[in-house]
Amino acid sequence: MGGLSSTMKVLLLKDPKTKDLASDPYVKELSSHGLQATLIPVLSFKFVSLDHFFDKLSHPESYAGLIFTSPRAVEAVKLCLQKPAHKEAWKDHLCAKWNSKPVYVVGKATASLVEEIGLSSEGEGSGNAEKLAECICSKGLSYSAPILFPCGSLKKEVLPKKLQEKNVPLETITVYQTGPHPAIQVSLSDYFTKEGVPASIVFFSPSGLKYCLLFLKDLPSDQLNQIKFAAIGPTTAEAMAEEGIPVSCTAQNPTPQDLAIRIKQIGMQ
C-alpha cells in the first residue's frame, strides 16, 4: 500500500491559497499522505466595480444579509477597506450593522476570510452553492429587502435560481472577473516534460477545467487514458462529465482532507 501511494503524482489545477505554492493547504495535506502533489495556477482574477460595491456595503439597512460563495468576493471587501475612510466607517458602525444580519458562506476558506473582516457567518458546512441555497431557503424567512451577493463574472446560476424559486430576493454585483492564468499552457507543458504523466489530475472549478481543456485534449490518448481525473465538488464533476472527461472521484466535501482520502482510494484501484 505504502509503495503505491508514495510515488503517486497528483496534479492540482487550482488557484493557489498562498503565494508560495508548496505551502498551499491541498499540497501540504496530499504530501503528508505520501503523494507527490504539484499545484499549477489556472486562473487569474481582476477586481472590478469596487467603489460601487462599497456604496452598497455602506447601506446595510437596504439589505437582508450577505452571501459569499468564494474567497475572492471577501477579498473584494478587504480591498474596499484599504481606503482609510472606508476602514474607519467599517470599524465604526458598518461591520456591527452587517453582523446583526445573516452572512452566508460556502466552505471553510471563505468562512475564515469573512472572520478576518470582523463578520460572523453561517452555512460554511454546506460545501457548495446549491446546498447553501437550500440552507437559506429552509429558514423560511420573509424578506422586505434583498440579500447582497458579491460574485465573480462566471458565477453559476444555481444559487440565484434556487433562491428565486423560493421568493428569496437577491441583488448580485460582479466584483471580480475570472480569466485564464497567462502561464497555464507553458506550466502544463513543463510539468508533463519534467514529471511525466501524473497518476491523477484534480480540477477545482468549471472555469479552471475550461482553460486546461485545450492542453489535455492535445495529449496522446495512451497518456490521457493513464490519468484518473478527480473533482473538488459536484459542480466541477458535472462540468467534467459535460466535456466527456471521466470522473474517477469527487471529494465528499471541498477540503484538503476529504480530497486526500478520495485520491488515495482511487490510487488503490
Side-chain angles (χ1 to χ4, degrees), residues 4-45 70-72 106-110 112 127-128 152 154 178-217 219 223-224 226-241 243 245-269:
L4 178 87
S5 63
S6 61
T7 54
M8 195 175 153
K9 290 179 179 173
V10 182
L11 181 56
L12 306 173
L13 300 176
K14 72 185 286 280
D15 178 43
K17 291 271 177 280
T18 51
K19 288 274 183 281
D20 167 29
L21 301 185
S23 64
D24 181 271
Y26 283 87
V27 175
K28 284 170 84 171
E29 180 67 23
L30 293 180
S31 303
S32 76
H33 286 266
L35 301 164
Q36 201 178 318
T38 306
L39 188 158
I40 290 181
V42 291
L43 304 175
S44 64
F45 300 97
S70 75
R72 238 93 35 219
V106 168
K108 282 195 169 65
T110 306
S112 59
N128 64 54
L154 295 175
T178 308
H181 192 282
I184 187 169
Q185 300 292 343
V186 174
S187 303
L188 285 166
S189 305
D190 282 357
Y191 178 87
F192 275 78
T193 306
K194 290 173 187 154
E195 300 291 340
V197 181
S200 183
I201 291 182
V202 188
F203 292 105
F204 283 75
S205 67
S207 45
L209 166 71
K210 187 174 100 181
Y211 301 137
C212 297
L213 271 180
L214 282 173
F215 177 84
L216 292 173
K217 294 206 162 162
L219 286 175
Q223 286 193 1
L224 210 51
Q226 291 173 42
I227 305 167
K228 286 181 173 164
F229 294 98
I232 193 61
T235 314
T236 303
E238 214 172 281
M240 288 163 69
E243 291 292 349
I245 291 184
V247 184
S248 292
C249 72
T250 304
Q252 196 169 354
N253 292 296
T255 66
Q257 293 73 17
D258 282 316
L259 181 67
I261 291 164
R262 282 284 197 260
I263 294 285
K264 287 185 83 173
Q265 282 170 350
I266 59 169
M268 299 302 141
Q269 289 164 10

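We're numbering straight along the sequence, starting at 1.
Remark: Gln257 CD to Ser32 OG distance equals 8.5 Å, nearest 0.5 Å. Gln252 CD to Ile261 CD1: the interatomic distance, rounded to the nearest 0.5 Å, is 8.0 Å. The CG atom of Leu216 sits 6.0 Å away from the CZ atom of Phe192 when rounded to the nearest 0.5 Å. The CD1 atom of Ile227 sits 5.5 Å away from the CG atom of Leu219 when rounded to the nearest 0.5 Å. How far CD1 of Ile232 is from CG of Asn128: 11.5 Å, rounded to the nearest 0.5 Å.
The main-chain N or O of Gly267 is never found under 3.5 Å from a side-chain atom of Lys228 such that the two would form a donor-acceptor pair. Formation of a donor-acceptor pair under 3.5 Å by the Thr250 side chain with backbone atoms of Gly233 is not found in this model. In terms of modelled atom types and a separation under 3.5 Å, the side chain of Thr110 and the main chain of Gly107 share no donor-acceptor contact. With hydrogens and angles disregarded, a donor-acceptor distance shorter than 3.5 Å links the side chain of His181 to the backbone of Ala183.
None of Val27, Leu259, Leu30, Ile201 except one satisfies the side chain to side chain contact (heavy atoms under 4.5 Å, CB included) rule with Val10; the exception is Leu30.
Contact between Met240 and Ala231 at its shortest, heavy atoms only, is SD-CB, 3.7 Å. Ala237 and Val247 get closest at one heavy-atom pair: O-CG2, 3.7 Å. The heavy-atom pair separating Gly208 from Val42 by the smallest distance is CA-CG2, 3.8 Å. When all heavy atoms are compared, the tightest approach of Ala260 to Glu29 is CB-CG, 4.0 Å.
Met8 places none of its side-chain heavy atoms less than 4.5 Å from the side chain of Gln36. Between Ser200 and Phe229, every side-chain heavy-atom pair lies at or beyond the 4.5 Å cut-off. Put simply, the side chain of Leu209 does not reach to within 4.5 Å of the side chain of Leu13, judged on heavy atoms. Side chains of Arg72 and Asp15 form a contact here, defined as non-hydrogen atoms less than 4.5 Å apart. Between Leu35 and Ile263, the closest side-chain pair of non-hydrogen atoms falls below 4.5 Å.
Contacts of Phe45 classified as ring pair (Phe, Tyr, Trp, His ring centres under 6.0 Å), with partners at least two apart in sequence or in another chain: Tyr176. The side chain to side chain donor-acceptor pair (under 3.5 Å) search around Thr38 returns none, not counting sequence neighbours. Contacts of Tyr191 classified as ring pair (Phe, Tyr, Trp, His ring centres under 6.0 Å), with partners at least two apart in sequence or in another chain: none. Checked against side-chain contact (heavy atoms from CB on, under 4.5 Å), Gln185 has the following partners two or more places apart in sequence or in another chain: Leu214, Phe215. Every side-chain contact (heavy atoms from CB on, under 4.5 Å) that Ser205 has, sequence neighbours left out, goes to Leu43, Ser207. In this view, Lys14 and Leu12, Lys17, Asp24, Tyr26, Leu39, Phe204 satisfy the side-chain contact (heavy atoms from CB on, under 4.5 Å) rule, not counting sequence neighbours.
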Check: Between Leu11 and Ile40, does a side-chain contact (heavy atoms from CB on, under 4.5 Å) hold up when you go through it step by step?
Finding: CA-CA 7 Å; Leu11 181 56; Ile40 290 181; 3.7 Å; yes

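Side-chain contact of Asp258 with Thr255: a donor-acceptor pair under 3.5 Å is present, judged by distance alone.
Glu243 has no carboxylate O lying under 4.0 Å from a charged side-chain N of Lys210, or vice versa, which leaves the two without a salt bridge.
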